Protein chains: 2
Amino acid sequence: MENDELPADVAAMWRLRETPRRGPKPSLTLDDIVGAAIEIADAEDLAAVSMARVADRLGNSTMALYRHVKSKDELLVIMSDAALERPDPMPEGVDWRTGLTFWADGVLTAIRRHRWYAKVPISGPPAGPNNLAWFDSALGVLKDTGLPEEAKVGVVMGLITYVQGEIRMAFDLAAGYADNPDAFQRFGSTLRRVADPRVYPAVARSVEAGVFDEVGSFEEDNEADFDFGLQLYLDGVAAFIDRVCVKGE
Amino acid sequence: MENDELPADVAAMWRLRETPRRGPKPSLTLDDIVGAAIEIADAEDLAAVSMARVADRLGNSTMALYRHVKSKDELLVIMSDAALERPDPMPEGVDWRTGLTFWADGVLTAIRRHRWYAKVPISGPPAGPNNLAWFDSALGVLKDTGLPEEAKVGVVMGLITYVQGEIRMAFDLAAGYADNPDAFQRFGSTLRRVADPRVYPAVARSVEAGVFDEVGSFEEDNEADFDFGLQLYLDGVAAFIDRVCVKGE
DNA sequence: CTAAATAGCGTAGCATCTACGCAGTGTCGC
DNA sequence: GCGACACTGCGTAGATGCTACGCTATTTAG
């Protein structure tokens, strides 16, 4: 095997690690470990994932895990690739704009099943099989736009950044809301108390208009915000495509 | 004082906590603590900020800090507001688009001085004095667009999300790059080895085109990507403004 | 059957956050 | 001036976390 040059975590995600031939049979698989870690993170939180808890859930001792995983960080990286299922196949013959909307909605629902996903720090370009599948799906939608390859990659990376950023913020806010709903409900009155209109005139205008006083249903609001921001970004992409290649799609 | 209704962290950020009248003089200020924590985070990392290290740097014991701060999380929230200096005043009479570009560049340079900022989880709407100043600045730029207040807030929140997401991802990637530059330099060849063109056709096309083989200077690339995505978003905002209020700006 | 390679795991070290309660100190009311 | 009281700082200790190291048991190649 010539996978010496592959980074360790990439090799692990593609299950390319050399299988040894001698020695006792492993009572533990990488898949077991990753699966248990994902279950814990789904049920509680990414912070609840500790090597001890994962091992406990598998009936093994903590240190046994380190035969299969080099460090906890590596486990997190592998988890985050495994948790994303493959994207649904793109409907045939869609234009790039509906395609990317479809794609972004797919990302949103996929991550909704594993809210901790947005908290794993991104350490590099998408290198695992599942992340790469999503990347490929978005890139494929742009095939007929006439953009040069590099620009396609740029557009998709920007989209990933937007979607992840939006999701992360939405989930953080939702967690804050769950912790302390009052802080949100009373945000308007908090601002009225604390924000001097002479120092914060624009905020004061919005406060006066009552923008911060109605707190709608959280989930639905987020869905709407997500689409709103997404369409703004896609408007920008459309303008970009027109600018770059005048022949259009 | 009638600040009973204010959330504890908000009261702390605005320095509205009741000053006691009896008892020994505090040898420690909230400002001291926050300042020391920021210094540690600037010099090393957000992960390096522990109550013990902060106390050490101040020549106090760990537990002394808990007289001024309810928990470490509260300290993080207060830190993240204190670290953002006030925005530069907006140039007089700019149109909204150059204004928001100016604003976004300001955020970028402000956070560049405190890279850990992007790692603090957002727990609610911007409630500290500095964060609120930035919020006000962006909101003020949209004054003459004719958008309803709620839409302005939506646009600014979307912009914050985009900017923070972009910055966070850029910094995460930069950290990953610093850890392991090879993974980036060889990303093209990694993909060639691991990504079957039949499964990942669009990725394969980009790989073939050599998109992943040239790794430019990191800082400059990021600056360009940031502006690129920002302009896309602003194009979207422009379209939105036209759609909502036809009379224009 | 022997020897090598490999799996699991016990121990221990180190760092983290923080609950609890005690001792000392400075101020207010009289 | 003087006592009572409120408040500060801090020591201890527990809970939890990651992981280096090395021992023992197990399995298979030869």
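Remember, predicted model here, so these are calculated numbers, not experimental data. Residue numbers begin at 1 in each chain, while the letters A, B, ... track the order of the sequences.
Side-chain proximity of B:Ser50 to the nucleotides C:dG8, C:dT16, C:dT6 is greatest for C:dT16.
What separates CG of B:Leu30 from P of D:dT8 is a distance of 13 Å, to the nearest Å. Here the C1' atom of nucleotide C:dG10 and the CG atom of A:Asn60 are 14 Å apart, to the nearest Å. Regarding B:Met51, its CE atom lies at a distance of 20 Å from the P atom of D:dG17, rounded to whole Å. One atom, CZ of B:Arg53, and another, C1' of C:dC14, lie 15 Å apart when rounded to the nearest Å.
Interface residues of residues 62-82 of chain B facing DNA chain D, ordered by number: B:Met63, B:Ala64, B:Arg67, B:His68; criterion, heavy-atom separation under 4.0 Å.
Not counting sequence neighbours, the partners of B:Asp31 by the salt bridge (Lys or Arg N to Asp or Glu O under 4.0 Å) test are B:Arg15.
The minimum heavy-atom distance linking B:Val54 with B:Ala36 is given by the pair CG1-CB, 4.1 Å. Smallest separation of non-hydrogen atoms from B:Val155 and B:Tyr233: O-OH, 3.0 Å. Between B:Ser137 and B:Pro87 the shortest heavy-atom distance is CB-CG, 4.2 Å. Taking every heavy atom of both residues into account, B:Ala8 and B:Lys70 meet most closely at CB-NZ, 3.6 Å.
Of the side-chain N and O atoms in B:Ser61, none sit less than 4.0 angstrom from OP1 or OP2 of D:dG9.
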Could you go through A:Leu28 and A:His68, starting from their C-alpha distance and side-chain angles, then the distance that decides it, and tell me whether this counts as side chain to side chain contact (heavy atoms under 4.5 Å, CB included)? CA-CA 8 Å; A:Leu28 225 50; A:His68 303 268; 3.6 Å; yes
